[in-house]
Amino acid sequence: MSEKKKRETFSSGFAVFFATLGSAVGLGNIWKVPYLTGAKGGGAFLLIYVLCVALVGIPIMVCEFYIGRKSRKNAVGAFEELKAAKGWKSIGFIGVVSAFLIMFFYSCVAGWVYSYVFKAIKGDFVGVTSATSSAKFASTLVGPMPPLIWQFIVLIVVSIILIAGVKNGIERITKTLMPVLFILILICDITALTLPGASQGLKFLFHVDFSQINGSVILTALGLSFFKLSLGMGIMITYGSYFTQNNNMIATSVRVALSDSLVSILAGIAIFPAVFSFGMKPSEGAGLLFKTIPLVFSKMPFGNILLVAFFLLTAIAATTAMISNVQVPVAYFTEEKGMGKKTAVLLTTGIMMSIGILATLSADSSSVLGNIHILGQKGFFESFDYLSSNILLPVGGLLTAIFIGYFVKREDFKLELSNQGTLNNASIINVLYVFIKFITPILLIIVFLNSIGIIKL
Ligand code: PHE
């Protein structure tokens, strides 16, 4: 049997969908989309974000799935297998660098979430008010040791799961837990909508004020769409490499993008009514989720138990997203550098911990390193986020689209996406192809030229 045939595949379309969603759904939905929407102008930002998901995210996801299934290799080996010139491997390399940058700050925020599980169990949020909730968040950030210890715990958990080889088991558990998280978010939505002044929150989230749109809003929304769907770093190439031959990859991409965006929007509906009802500002920044959600739960029966469950499930969703992320450098070290798995995992998480310290100690202006700026006005935390989401992931995505649009035969692309002609989707593929070849790369280039000041949007 050839190596291609021997490679395992997901057992069903359902398994494909959940595994992919396990990487996509994470802190992005519950923490980052709401906080950026709050900071960048509400409905106008959300609209641009949704457009980026549809016009850029979905086409890039299809490209990555194509490369993965066609080559049956991960991002590092895929381009070689497709007989692409050596330079294309740099997409895999961009993925490795992005994975590190993302984890430097992601593990910090995941640490806050883990710590909130314990704070909620201890009953710290019983009878919480907007002032005490903000104070609790501020005390979570006060370092240097507690937030660093939580970040460390997060990275140890991720390492143990990868080294013990129980990733598949974890994926099975997430499959059953994700719908529970979804239901908890819905319960929050219902409670939030009954708060006095809730309609102001909804207005903020859904009313589009076009005057809020500018180049920085577009770049942030674009970067967020890559971060959210785990695109531009080869993760979806790896998932695609496990797809069955009869998986409808376009439908899978659309389903993943829709479900993921739905979770983010529902999280927004839980948070923004509370922001206005409790007299907070939508532009609270990275603490928005942590300051508002305990208040929402305090208004429901069994609120504290449900709050524990909410943070526990968020911690699990964050952990599965991190596992998919950490595997990118681990695959690079084991497959390209011939390292053993355990060494590769420890090296990867060790680097993430060492440099991640800088993110944790600069998360807030009151933090120890809070006043050191590296990229313009940005501290370490924000710079890691900016460099990965707004620069490297979109560059990875742009190269992927150019690869498919200009270096893969159109016929090959059509055959693979129609499952050798068995799917009746020729016209959808044609539209998608126009996006991949022209629209998506042009949009990406315009946003870049604008962000480096060459053109002005
Ligand atoms: N998509 C994840 C989230 O929204 C974050 C992530 C980005 C995970 C890139 C893996 C790779 O939380």
Side-chain angles (χ1 to χ4, degrees), residues 18-33 74-75 95-117 147-175 177-178 181 224 226-236 238-239 260 263 286 289 311-333 341-342 344-357 359-360 363 381 384-385 388-389 392-393:
F18 272 103
T20 320
L21 217 54
S23 172
V25 172
L27 294 175
N29 310 68
I30 298 162
W31 164 72
K32 202 174 180 193
V33 174
N74 69 40
V96 174
V97 179
S98 308
F100 278 112
L101 287 168
I102 289 173
M103 282 297 288
F104 296 155
F105 69 93
Y106 203 94
S107 57
C108 159
V109 182
W112 301 343
V113 174
Y114 277 37
S115 81
Y116 263 57
V117 176
L148 287 178
I149 292 172
W150 282 111
Q151 183 179 29
F152 199 49
I153 293 174
V154 165
L155 287 165
I156 291 177
V157 169
V158 170
S159 307
I160 292 175
I161 293 172
L162 285 173
I163 292 175
V166 290
K167 187 177 81 60
N168 294 343
I170 298 287
E171 264 164 13
R172 254 194 305 277
I173 300 172
T174 1
K175 206 157 55 185
L177 289 182
M178 223 168 329
L181 175 62
L224 182 62
F226 277 90
F227 174 88
K228 251 329 304 107
L229 299 173
S230 310
L231 295 175
M233 52 190 292
I235 288 186
M236 294 302 166
T238 310
Y239 282 106
D260 182 73
V263 176
L289 163 78
F311 276 113
L312 188 62
L313 290 163
T314 304
I316 293 172
T319 306
T320 51
M322 287 187 285
I323 289 169
S324 80
N325 179 300
V326 172
Q327 275 175 300
V328 173
V330 168
Y332 176 77
F333 289 136
K341 184 167 122 193
K342 198 168 157 188
V345 171
L346 292 178
L347 175 68
T348 304
T349 51
I351 298 174
M352 288 169 174
M353 185 63 227
S354 323
I355 306 185
I357 292 176
T360 302
F381 184 103
F384 295 145
D385 184 5
S388 51
S389 299
L392 286 184
L393 301 184

With sequence neighbours excluded, tell me which residues meet side-chain hydrogen bond (donor to acceptor under 3.5 Å, both in side chains) with Ser23. Ser230, Ser324
Please round to the nearest 0.5 Å and tell me the distance separating atom CG of Asp260 and atom CG of Asn29. 4.5 Å
Side-chain donor or acceptor of Lys341 paired with backbone N/O of Leu162 under 3.5 Å: yes
Test side-chain contact (heavy atoms from CB on, under 4.5 Å) on Phe226 and Ser389 and set out the steps. CA-CA 7 Å; Phe226 277 90; Ser389 299; over 6 Å; no
Might you point out which heavy atoms bring Met233 and Val328 nearest each other, and give the distance in Å? O-CG1, 4.1 Å
Go through the steps for Phe100 and Ile355 under the test side-chain contact (heavy atoms from CB on, under 4.5 Å), then give the verdict. CA-CA 9 Å; Phe100 278 112; Ile355 306 185; over 6 Å; no
In Å and rounded to the nearest 0.5 Å, what is the OG to CD1 distance from Ser115 to Ile153? 9.5 Å
State, to 0.1 Å, how close Thr360 and Cys108 come at their nearest heavy-atom pair, and which atoms those are. OG1-CB, 3.2 Å
Should Leu346 and Ile163 be marked as a side-chain contact (heavy atoms from CB on, under 4.5 Å) after you check the CA-CA gap, both sets of side-chain angles, and the distance that decides it? CA-CA 9 Å; Leu346 292 178; Ile163 292 175; 3.9 Å; yes
What distance separates Thr314 OG1 from Tyr114 OH, expressed to the nearest 0.5 Å? 11.5 Å
Describe, in one word, how the ring planes of Phe105 and Trp31 are oriented to each other, choosing from parallel (under 30°), tilted (30 to 60°) and perpendicular (over 60°). tilted
Using the side-chain contact (heavy atoms from CB on, under 4.5 Å) rule, take Thr319 and Met322 through it: C-alpha gap first, then chi angles, then the decisive distance, then the call. CA-CA 5 Å; Thr319 306; Met322 287 187 285; 4.2 Å; yes
Looking at Pro329, Ser159, Ser107, which hits side chain to side chain contact (heavy atoms under 4.5 Å, CB included) with Met352? Pro329
Phe152, CZ: over 12 other non-hydrogen atoms inside 6.0 angstrom: no
Please report the closest heavy-atom contact between Ala317 and Leu181, naming both atoms and the distance. CB-CD2, 4.2 Å
Does the side chain of Leu27 come within less than 4.5 Å of Phe227's, by heavy atoms? no
Between atom CD of Gln327 and atom CD1 of Ile235, what is the distance when rounded to the nearest 0.5 Å? 8.5 Å
From Trp112 CH2 over to Gln151 CD, what is the distance, rounded to the nearest 0.5 angstrom? 10.0 Å
Among Leu155, Ile161, Val154, find the residue that satisfies the side chain to side chain contact (heavy atoms under 4.5 Å, CB included) test when tested with Val157. Ile161
Examine Phe384 together with Phe104 and report whether their ring centres are nearer than 6.0 Å. yes
Write down the atom of Ala315, the atom of Val117, and the distance for their closest heavy-atom approach. CB-CG2, 4.5 Å
Rounded distance (nearest 0.5 Å) linking atom CD1 of Ile102 with atom CG of Leu393: 4.5 Å
In terms of heavy-atom contacts, Leu392 and Ser98 come closest through CB-OG, 3.5 Å
Applying side-chain hydrogen bond (donor to acceptor under 3.5 Å, both in side chains), can you list everything that pairs with Asn325, at least two apart in sequence or on another chain? none
Ignoring hydrogens, what is the shortest heavy-atom contact between Asp385 and Lys32? Give both atom names and the distance. OD1-NZ, 2.8 Å
